[in-house]
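Both ligands and their constituent atoms are indexed starting at 1 by order of listing. Numbers here are sequence positions counted from 1. Remember, it's a predicted structure, so these values are computed and weren't measured experimentally. Note: hydrogens, waters and symmetry copies are ignored here, and every other heavy atom, side chains too, is used.
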Amino acid sequence: MLSKRLENLHPYVPGEQPKDRVYIKLNANENPYPPHESVAKAVAENVLSHSEGLALYPDPDSHSLRKAIADMLNQTGGVLCRSETSLSEGQKNCSPSKEDKIPFTITPEMIFCGNGSDEVLSFVFYAFFDSDRPLVLPEHTYSFYPVYCGYYGIPMNRIPLKSDWHLDTDKMLSEANKTDSAIIFANPNAPTGIALTRAEVEAMIQKAPKDKVFIVDEAYCDFGGESSIPLLAKYKNLVIVRTFSKSLSFAGMRLGYVVANPELIEHIFTVKNSFNHFPVDFVTQTAGEASCKAAWYYAENARKVVEERESLTAFLKERGWFVIPSSTNFIFAKKDGLSGKKIYEAVKEAGVLIRHFSTPGIEDFVRITIGTHEQMEILKKIFLTLS
Ligand SMILES: *Cc1c(COP(=O)(O)O)cnc(C)c1O
């Protein structure tokens, strides 16, 4: 009765969403701040004044949303926490910091939108990877990549991290060149939180197979990484995947996108149009556009997250924890003498959910999403009771 394909499925396990008790949720890297008020307003107004929008199929290619995303990237340089906000004519605007300014203009033809970046990744895997050679990826990275490899029957070559938890870029390159393989990783990486600089990514793509795509997942870039978007001018095989879920307070609405050269974007459209014509619904397109226009608000939230991240990192280090320096909205930390599972359980008992992975090699760590100042104060008090 069941397909052979089903046997290769090893579904992703998301952070738990318990219903038995109200917890402070610091286990899924969600944004602790609500969307800007203009987002709910735009949705309400559009649904009320154009309620036919709910009855008709949405724009299958999200034209106006892709334009809004392109404008936002040009305005912010793709790293919200470093973008500069200014108040002019009563309206707040964003401009990129000097180091993030994109030296060309991103156009809507360079953007593809999907139902969360998980779906976008699924289309990307379908479009660019085959079962005839392994995909090269880090051993510890976003755990959805191996899930899709199982789903599509793509073999994997998983490269261990170096002893300092950085990506082993030399090994990834030599392995990719051996088999003429595509490469995927998250930058900053998850769950370590470590970012490669743009120069390091460029040094890597220069030596990677040119006839295969090179995928950088920038889900956390807005919290302090360096975006690889400026490299698109030079490297036609570069595919950048990004999401609204983390930095744009959008995890409940589902919106992810690709930035790449228009030829590659066309191929992703072919996959989308062979699976689900309408991955981004009318309400989400409305909300997404409004979010892009409030980039300054999300930039300020990203800066608050960065401030709390640095504060929690310092707090834990002063108390003897090992904390990997993070460029994201979470930290990955451990403490000698305490198992990751024990920390997770004690913190949960005290009313806060964090994440623990039983994956060999990282089982001593916990991953803590950065929340509001108030949430972090509660968490710090809980940590004082652990020893
Ligand atoms: C959260 C996350 C995603 C998925 O984002 P969605 O848009 O919510 O599907 C993709 N990649 C990485 C590395 C992530 O952490």
Nitrogen or oxygen atoms of Asp217 and ligand 1 under 3.5 Å apart: yes
Contact check: Tyr142 vs ligand 1, nitrogen or oxygen atoms, below 3.5 angstrom: no
Cation-aromatic face contact Arg367/Phe365, 6.0 Å, 45 degrees: no
Cationic tip of Lys272 above Phe112 ring, under 6.0 Å, 45° of axis: no
Residue, atom name and distance, where the atom is the protein heavy atom closest to atom 14 (C) of ligand 1: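 Protein heavy atom with the smallest distance to atom 14 (C) of ligand 1: Lys246 NZ, 2.9 Å.
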Nearest protein heavy atom with distance in Å, relative to atom 8 (O) of ligand 1: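 Going atom by atom, the protein heavy atom closest to atom 8 (O) of ligand 1 ends up being Ser245 OG, 2.6 Å.
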Phe244-Tyr257 aromatic ring centre distance below 6.0 Å: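 Yes: the rings meet the under 6.0 Å criterion.
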Going by heavy atoms, is [X] under 4.0 Å from ligand 1?
X: Tyr220; result: yes
X: Gly256; result: no
X: Asn29; result: no
X: Arg254; result: yes

Distance-minimising heavy-atom pair for Thr328 and Phe223: C-CB, 3.6 Å
Pair Lys234 + Glu202, salt bridge at N-O below 4.0 Å: yes
